[in-house]
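See below for the structure under consideration.
Remember, it's a predicted structure, so these values are computed and weren't measured experimentally.
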Amino acid sequence: MADDEAQGFQAGQSGLIVRVPEAEPLVRAWRDRLDPSARAGVPAHVTVLFPFLDASRIDDAVCAEIGEVLARHRSFGARFERCGRFPGVLYLAPEPDTGFRRLTEAIVARWPEHPPFGGQFADPVPHLTIAQSQDEATLEQAEADLCTGLPVVAQVSSVDLLVHDGTRWRGRASFPLSPPDV
């Protein structure tokens with residue numbers, strides 16, 4: 001999820017994310033300062049699909065469909081061992097990123113009219129955003145600090161639906177993935 005004002009977020013917009021609570025102790029201070037989505041209530045996460053359906057279209061049947069699509073996928077582990085960059089953006093890179101890509105592909109296969117990030121990127125890269133719209137010195141400072149706390153190891157077991165209420169992002173539902181193979 002991105003900067004509310006720059007992206008023109010409005011009440012009713014939604015997105016699907018994987019929360020990464022294991023990263024919060026490391027990234028919270030930086031995200032609170034450098035990522036406007038954190039200040040708008042979005043936890044440390046990897047985006048599965050944004051933008052998604054308008055909240056007015058998300059009823060019990062849609063939630064059931066989301067749950068069915070996601071339940072076909074097994075829980076998986078991910079390690080965040082390094083930082084990555086897009087222009088003006090610092091993020092943590094999940095390795096492997098295959099599980100995140102499969103979740104996005106599955107949701108987009110069901111709702112193809114909602115490509116990731118509105119279709120801006122041919123190959124959206126799974127990532128956990130730390131900083132947006134920042135100068136190089138700030139990004140370098142944040143990266144140097146974050147690298148001292150890596151790796152972050154996470155277990156992905158659910159996908160959350162967030163809805164923007166006009167001011168903040170709020171959790172609407174959580175969809176479990178299937179248990180991992182034993």
In Å and rounded to the nearest 0.5 Å, what is the CZ to CD1 distance from Arg172 to Ile58? 5.5 Å
What residue among Leu103, Ile17, Val108 forms side-chain contact (heavy atoms from CB on, under 4.5 Å) with Leu49? Val108
Nearest 0.5 Å, what's the CG-CG distance between Leu34 and Asp135? 9.0 Å
Establish whether Trp111 and Leu161 are linked, either directly or via other cluster members, by ILVMFWY side-chain heavy-atom contacts under 4.5 Å. yes
Using a strict cut-off of less than 4.0 Å between a Lys/Arg side-chain nitrogen and an Asp/Glu carboxylate oxygen, indicate whether Glu143 and Arg85 qualify as a salt bridge. yes
Between the side chain of Arg79 and the main-chain N/O of Ala154, is any donor-acceptor distance below 3.5 Å? no
Is any side-chain heavy atom of Asp35 closer than 4.5 Å to a side-chain heavy atom of Gln132? yes
Is it the case that over 12 heavy atoms from other parts of the model lie below 6.0 angstrom from the CZ atom of Arg101? yes
Within a 6.0 Å radius of atom CG on Asp59, are there more than 12 heavy atoms belonging to other residues, nucleotides or ligands? yes
So if I apply the ring-ring contact (aromatic ring centres under 6.0 Å, His included) rule between His127 and each of Phe100, Phe80, Tyr91, which one comes out positive? Tyr91
Exercise: identify the closest heavy-atom pair between Ala78 and Pro94: CB-CB, 4.4 Å
Quick one: does any side-chain atom of Gln13 pair with a main-chain N or O of Gln10 as donor and acceptor, under 3.5 Å? yes
